[in-house]
Amino acid sequence: MPYNPLLVAPMRADMTRMGARELLTAADVDAALGDARGTTLVFINSVCGCAAGNARPALAHALRHGVKPEQVVTVFAGQDLEATARARQYFADYQPSSPSIALLKDGEVVHFVHRHQIEGRPPESVAADLTKAFDRHCGAAV
Amino acid sequence: MAGRVFHPGHEELHGVTVVVTGRSGRTYVGRYHEHGDRGLVMHDVAIHEPGAAPAREAWLERQQRFGIKVDQRHLIVPTDEVGEIRRLAALAS
C-alpha cells in the first residue's frame, strides 16, 4: 500500500531538484524509454530512509560530473506502482530492488546498481561508481 | 557501537543484504532484519540447497550481478542453523 503522499513528497522533490524527470504512469515510462537511442538513467526511488537516503545524494553528486546520461528519469517503488512495474520490464533480467539504478544505452542495460551495492556505503562512494559508468558509457564516441 | 550503523536504533546489519551460511549446507541471501529468540529474521530471501545446480559460488555470483531472486518474502532461520553471516556486497565478484 502506498505511503501518504505528504510523507514521500520530499523524496520526490530530491529527485526533481537534481534534474530527474518523474515518470508517473506506464505511458510516461514508454514515452521515455520506448525510444531506445542514447543514454538514460532510471532511478528506482524508495521510501527506505537508509539505502535510498544514501542513493539520492549519491545520484545528485554523480550528476554534477562533467559526463552524464542524456536523460535522467525516476519511478517511485511502492508509490507509482504501474510506472515502476513498466520500468522494470525494460531491465527484466535484473531482479526488482529499491532503491536501484539502471543505466541504459541504446535500450540495453550497460550498468546496474542494486540495493545491496548501496546499503551502508557513503553517497560519495556510490557516486564514484556511477561517474565511472558515466565516463565509460555516456562519453562522446571517438 | 562500532562501525557505520545503517539504521540507527537497530542492529548494525539491520536492513543490509547478507549471505548466511547454514549449518545444514543451505545458503540464504536476503535482508537481515533482526536476530533474536526466534532466530534470524530475514526478508526477501533467496535459498540455495546443497548440491543444487548451479553450484553455490555460481549461484552467489548471479545474485550479486542480477539481484536477489526471492524464494521467501519472510523467513526465520533458526539460530542453530545460522553459521557465518557476511554482507553480500563484501563478497568478491
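As the structure is a prediction and not an experimental result, all values here were calculated from the model. Chain letters run A, B, ... following the sequence lines, proteins first and then strands; every chain starts at 1.
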Can you find a pair of side-chain heavy atoms, one from A:E119 and one from B:R31, that are under 4.5 Å apart? yes

Closest heavy-atom pair, A:H116 versus B:Q64, reported as atoms and distance to 0.1 Å, is CE1-O, 3.3 Å

A:R136 CZ: over 12 foreign heavy atoms closer than 6.0 Å: no

May I ask whether B:F66 and B:V29 are part of the same hydrophobic cluster, defined by side-chain heavy atoms of I, L, V, M, F, W, Y residues being less than 4.5 angstrom apart, directly or through others? no

Applying a strict under-4.5 Å side-chain criterion to I, L, V, M, F, W and Y, I'd like to know whether A:M18 and A:L130 cluster together. yes

Do you reckon B:I85 sits in the same ILVMFWY cluster as B:V16, going by side-chain contacts under 4.5 Å, direct or chained? yes

What's the spacing between A:R115 CZ and B:L88 CG if we round to 0.5 Å? 12.0 Å

Heavy-atom distance under 4.5 Å to chain B: side chain of A:H114, backbone, both or neither? side chain

Which residues end up grouped with A:L81 if you chain together Ile, Leu, Val, Met, Phe, Trp and Tyr wherever their side-chain heavy atoms are less than 4.5 Å apart? none

Approximate separation, where rounding is to 0.5 Å, of A:F112 CZ and B:R65 CZ: 12.5 Å

